[in-house]
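Below: one structure, written as structure tokens.
Quick note on labels: first sequence line is chain A, next is B, and so on, each numbered from 1.
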Amino acid sequence: MVSVAHLNPEQRDAVLHTHGPLLILAGAGSGKTRVIVHRIAHLLAQGHPAEAILAVSFTNRAVREMEERVSSMIKDPTLVKKLTLSTFHSLGVKILRKELSRLHYPQRFTIYDPSDQLAILRRVMSENRIDEAFHPPKDLLAAISQAKNLFLDPNDLVHTTHHALYPNIMVLKKAYSLYEDALRVCGAVDFDDLIRLPVKIFRSFPDALHTWSNRFQQIMIDEYQDTNRAQLLMVDCLASVHKNLCVVGDDDQSIYGWRGSDVSNILHFDKQFPGARTIMLTQNYRCSAHILDAANKVIAKNQNRYDKSLWTDALPGPRIGLATLPDEEKEARYTVEQLFEIKHAEKRPWRDFAILYRTNAQSQAFEEALRQERIPYKLVGGQTFFERKEIKDTLAYLKVLHLPSDEISLRRIINYPPRSIGNTTIDHLSETLRDGRFNSFYQACEHAEQIETLTPSARKAILDLLQLFDLFRLRAQRTKLSTLTLELLQELRLFQHLHREYKNPNEAKSRIDNLSSLINAIEQYERRVDHPSLDDYLERISLDSHSEDDDRETEKDHVTLITLHGAKGLEYPVVFLVGMEDGFLPFYRQGEEPDVEEERRLCYVGITRAKQRLYIFRALERRRFGRNLERDPSRFLADIPKELTFFLQAEQQRQAQSEEERDKKFKSFFSEIHSLLNKS
DNA sequence: TATACGATTATTTTT
DNA sequence: TAATCGTATA
């Protein structure tokens, strides 16, 4: 029997309610993962088969945490393995692996990341004379993504209702459908397709829907406030038979609206799933009372939300420290100074500290200040390992080995390292596709002999490359992936090429180091997994690009630098919320309206990351695009009651104030004289 | 095919 | 400002 004794009454209710739709409104730090994990244990104890339980979250991190905590509660590892604990996207892949051929896709498929998406879109645009100058590919891609998230096909788009997606609907329709066709030819899907296509399949093939909706008797969705329309439809399909759907989320932490997530999914859950019960978890176990109080006051100003207020048993704790610095460099230096002082006064490890900001660019000043003081830090976000050029190039070879129809990957490496296949050759190859002679780029290469326009040397180069692929495909049968990759790099003489390509020997060296890290990562993967394969490896890295550093990194002792978005779901004993200025939080650019409610939620997320100590800093002036800009304090600062805060630099503050007063007196003196003179 | 130059353009981005 | 990108040019 699962012990429910150490849960609070609401948590207990949530665990024990297992029949019919259930909405758990879980405030920040209210123990929601705990509830999910207990609920899974309880369902198993009730006799639900593990195979019939599905729990979905957004991030791999959240899924891993769920796995770990379930495992420590349920001692039987074979039982845990039978549960489906997965991200939305890996669930999508799981479904597509079985069902995608129904939509006339090839049996295998690859997943294209945003840079692949952009490459493929730009290609179809240039082939169809859509001018990039008038139609920025990035904007079109964003619009296509939004359309997919709304579960709209190209044909569904009409100007009158969808002009917000993109100003020119005809162009959007055209680009979207060309893009779709191109993806299909490549045997590729994008991230949005991982949600959209399963729904399409469920809608068109009742037997597919039948299989999947019968399978899961119990479904739990985490971070429900971040779901978009397509995800809602997917959930709706999966839960359509058993209707045992439990969603967990917090409308106040919905911060991905700009990516298509729709707060109304959680706000109107009971309309979508009639008879739903709602349970609110309002006791916060994370923050000190002052911090929680401030968070409550800030978020209360939002209109579009469930009316609720979190409470805590915790002590008030120290007040929130405020400081205003002259510019961003001083802000960073001051932050590091404070951090250092607290660390030593309270004997804290570095990992207790996090610096939270709105935009990645803000991290720079803090990195510099931390480096100067030789403080270990970890920058979360930015370019990931798998986005590095040399890594992408190598993986492109592996991807073509795995799926020859992957044209984007093939084009990426067809002349890298250079093998004298220039643009003209590539154009000639593409032409044969357009006139229908061949139906894939790879196939055109295979028939290079028959393409008259090619020069003999180009023909040879192409056939040599294909031979290399054939050779390695053959080797792949008996060689393990890590060895195969190394052999490939040697065959390509890529290390030698990198030395030639980068004049700066350090850069060449660092790229080579990265490649050997890749080999290491593959070896690690081979050790960790039961049945390693190229197929499986490629899928993993496209769905979990941070996996290489996640497992061991967490144990290291360092300060964390992270954006507010990235910090959601995390907590730190000491938090510095920096750049608290109008324009950053709420973020907006001149001439554009900020989405104040969403920005306020972001601010709320930031405040509620702090367990014991919170500091909020701002700068008076900031260099932006080469100009110095004066900055006003964030309007959200005014919503934090004065009695919860104190000014860290009281001395400096007083000085500044007295200067200001002197200034004022000076001015009024002058205006008096002025008026006197005028009278006379 | 490498380099150089001028234009462009600066959020957040779980997957 | 600075980093990126596309085009021009050798």
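A cation-pi contact, defined as under 6.0 Å to the ring centre and within 45° of the axis, links Arg631(A) to Phe584(A).
Taking the P atoms as reference points, dT13(B) lies 23 Å from dA2(C), given to the whole Å. The separation of dC5(C) from dT12(B), taken at their P atoms, amounts to 15 Å, rounded to a whole angstrom.
Aromatic ring centroids of Phe576(A) and Phe366(A) lie 6.0 Å or more apart.
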For this session: Determine, stepwise, if the pair Lys392(A) / Ser115(A) fulfils side-chain hydrogen bond (donor to acceptor under 3.5 Å, both in side chains).
Result: CA-CA 10 Å; Lys392(A) 288 212 77 172; Ser115(A) 71; 2.6 Å; yes
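Within the nucleic acid shown, Asn149(A) has no heavy atom closer than 4.0 Å to any nucleic acid atom. Heavy atoms of Arg622(A) sit nowhere under 4.0 angstrom from any nucleic acid atom.
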For this session: Using a 4.0 Å heavy-atom cut-off, write out nucleotides 9-15 of chain B from 5' to 3' as B (base contacted by protein), S (sugar-phosphate only) or - (no contact).
Result: -BBBBBB
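Ion pairing of Lys330(A) with Glu621(A) is absent here, as no side-chain N (NZ or NE/NH1/NH2) approaches a carboxylate O to less than 4.0 Å. Ionic pairing of Arg618(A) and Asp582(A) is not present here: no N-O contact between side-chain nitrogen and carboxylate oxygen is shorter than 4.0 angstrom.
Looking at Arg459(A), its side chain does come within 3.5 Å of a backbone N or O of Leu454(A) through a donor-acceptor pair.
Between Lys389(A) atom NZ and dT4(C) atom P the separation is 14 Å, expressed in whole Å. Distance, Gln364(A) CD to dA3(C) C1': 11 Å, rounded to whole Å.
Dashed line: the shortest gap from a side-chain N or O of Arg122(A) to OP1 or OP2 of dC5(C) is not under 4.0 Å.
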